[in-house]
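Here is how names work: the chains are called A, B, and so on, in the same order as the sequence lines, proteins then strands, and each is numbered from 1.
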Protein chains: 2
Amino acid sequence: MDTKLLCLGVLSEGERSGYEIKKLFETRFRHFFVAGFGSIYPALAALAGEGYVTARAVPQAGRPDKRVYSVTEAGLDHFRERLLATAPRHKVRSEFCLLMYFAHLLPPERALAHLDTMVARWEEMLAGDLGLSAADEAALTPGQLFDLGFGRAVVGAARAYCLERRAPLAAALLDRPRAAE
Amino acid sequence: MDTKLLCLGVLSEGERSGYEIKKLFETRFRHFFVAGFGSIYPALAALAGEGYVTARAVPQAGRPDKRVYSVTEAGLDHFRERLLATAPRHKVRSEFCLLMYFAHLLPPERALAHLDTMVARWEEMLAGDLGLSAADEAALTPGQLFDLGFGRAVVGAARAYCLERRAPLAAALLDRPRAAE
DNA sequence: CACAACCTATATCGGAGCGATACATATTGA
DNA sequence: TCAATATGTATCGCTCCGATATAGGTTGTG
């Protein structure tokens with residue numbers, strides 16, 4: 001389970017609760033890793049069962065207790081081992097591309113709306129978590145900096161391509177005879 | 001199951017066997033949808049059970065029979081309905097980015113090797129299925145053309161970024177003191 | 001002030017999904 | 001000769017994750 005691996009990774013930077021880990025996933029890893037509570041809580045429970053992390057209950061005023069996890073020595077070792085054994089993969093699952101592929105079976109305005117939705121989402125990402133200032137970047141490790149730039153490059157390219165091809169696509173979708181180049 | 005949806009989609013272009021569908025997935029959809037036999041065969045069986053496709057056994061010389069599937073009228077309707085009800089998503093799951101994020105815990109040469117592996121894979125994709133000639137492109141629907149360009153843009157951006165940042169990353173990973181910009 | 005909307009916080013379950021594997025044979029290439 | 005590689009179908013079990021439940025606090029707005 002890769003979720004276990006990433007949880008171990010973020011815990012190696014400091015103790016955190018499941019909820020905080022989810023937040024972190026959303027801000028720092030959104031462009032390459034998505035995981036919900038349904039993945040994170042079981043992952044943490046499994047890690048605790050294997051002795052790679054320990055949990056500590058922190059009472060909260062008027063809120064349910066927070067379970068704060070810390071990585072153990074064995075967990076750190078395990079993490080490094082697993083990292084060494086992990087093969088680099090990069091998988092995309094895009095219903096957006098699927099919809100575009102069959103755009104001719106969709107009302108044209110629907111296809112274009114999907115396109116606009118994606119552009120908006122990518123712009124949000126670029127302006128949000130991917131849009132750190134230079135000052136913030138100084139605090140990052142080389143790898144974190146690499147990932148940040150990678151996200152910007154890929155998401156930026158997707159956004160740029162969609163914007164650039166919107167008009168030609170609209171033309172091609174709306175009137176069949178005229179070619180759009 | 002999205003696999004069911006895509007199977008229905010490719011069958012709407014003509015009858016095909018499970019094996020042929022897998023081939024098609026690998027060549028046409030690799031950059032946005034990955035599915036193995038373990039997804040495709042159950043998907044086809046389910047579609048047949050629902051009456052959305054019909055199967056026909058084609059005897060082969062010296063080979064197991066081929067089961068060729070065709071989409072039914074009901075299947076075509078269902079496909080269009082499902083397309084209309086599908087939300088545009090675009091999800092990335094990248095162990096490569098994960099490895100890069102924690103590159104400081106890896107031997108530097110290992111991190112760089114991972115990077116080179118990915119560059120090679122992306123170049124393969126660009127030269128292969130994403131590298132159609134202009135003549136071939138004329139036969140595509142606007143949506144197919146859009147997806148092809150999208151794949152080129154995104155995969156190309158990933159490749160370019162990795163090549164561009166390789167040297168700075170290597171420098172930063174090898175000697176900590178010097179900043180790499 | 002009432003009510004909606006959203007945030008913090010944890011947890012489970014059922015079903016989808018897919019990697020690994022098995023089987024059977026023919027061709028290609030070293 | 002032996003190892004790959006290609007065609008072809010199929011299943012099993014583990015992983016995974018979306019949806020949902022629970023519970024109260026805070027913020028915002030008409």
Quiz item: Between the side chain of B/Y161 and the main-chain N/O of A/G151, is any donor-acceptor distance below 3.5 Å?
Solution: no
Quiz item: With distance as the sole test, does B/S39 use its side chain to make a donor-acceptor pair with the main-chain N or O of B/A35 at under 3.5 Å?
Solution: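 No.
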Any salt bridge (Lys or Arg N to Asp or Glu O under 4.0 Å) pairs touching [range], not counting sequence neighbours?
| range | result |
| --- | --- |
| residues 112-129 of chain B | B/R30-B/D129, B/D116-B/R166, B/E123-B/R159 |
| residues 104-113 of chain B | none |
| residues 91-107 of chain B | A/D2-B/R93, A/R89-B/E95 |
| residues 35-54 of chain B | B/K4-B/E50 |

Self-check item: Residues touching DNA chain C, which here means a heavy atom under 4.0 Å, drawn from residues 19-31 of chain A
Solution: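 Only A/Y19, A/K23 qualify.
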Exercise. Could you list by number each residue of residues 76-92 of chain B showing a heavy-atom separation from DNA chain C of less than 4.0 Å, or answer none if no residue does?
Key: none
Could you tell me whether the phosphate oxygens of [N], OP1 or OP2, come under 4.0 Å of any side-chain nitrogen or oxygen in [X]?
| X | N | value |
| --- | --- | --- |
| A/S39 | D/dT15 | no |
| B/S17 | D/dT9 | yes |
| B/Y41 | D/dA10 | no |

ring-ring contact (aromatic ring centres under 6.0 Å, His included) partners of [X], counting only residues at least two apart:
| X | value |
| --- | --- |
| B/H31 | none |
| A/Y69 | none |
| B/F29 | A/Y101, B/F25, B/F32 |

Quiz prompt | Contacts of B/R56 that satisfy salt bridge (charged side-chain N to carboxylate O under 4.0 Å, His left out) - sequence neighbours left out | solution =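 For B/R56 the salt bridge (charged side-chain N to carboxylate O under 4.0 Å, His left out) partners, ignoring immediate neighbours, are B/E15.
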Rounding to a whole Å, what distance do you find between [X]:[atom1] and [N]:[atom2]?
| X | N | atom1 | atom2 | result |
| --- | --- | --- | --- | --- |
| B/D2 | C/dG15 | CG | P | 18 Å |
| B/I40 | C/dA16 | CD1 | P | 17 Å |
| A/F37 | C/dT12 | CZ | C1' | 14 Å |

Quiz item: For B/Y19, which fellow cluster members are found when Ile, Leu, Val, Met, Phe, Trp and Tyr are connected by side-chain heavy-atom distances below 4.5 angstrom, either directly or through intermediates?
Solution: B/F37, B/Y41
Quiz item: If you pin B/R93 and B/G38 to their nearest nucleotides in DNA chain D, which one's is more 5'?
Solution: B/G38
Practice problem: Output the residues of residues 42-54 of chain A in contact with DNA chain D, where contact means a heavy atom of the residue under 4.0 Å from an atom of the strand; sort by number or write none. | Solution: none
Exercise. Quick one: label A/G18 by what it contacts on the DNA or RNA (base, sugar-phosphate, nothing), any heavy atom closer than 4.0 Å.
Key: sugar-phosphate
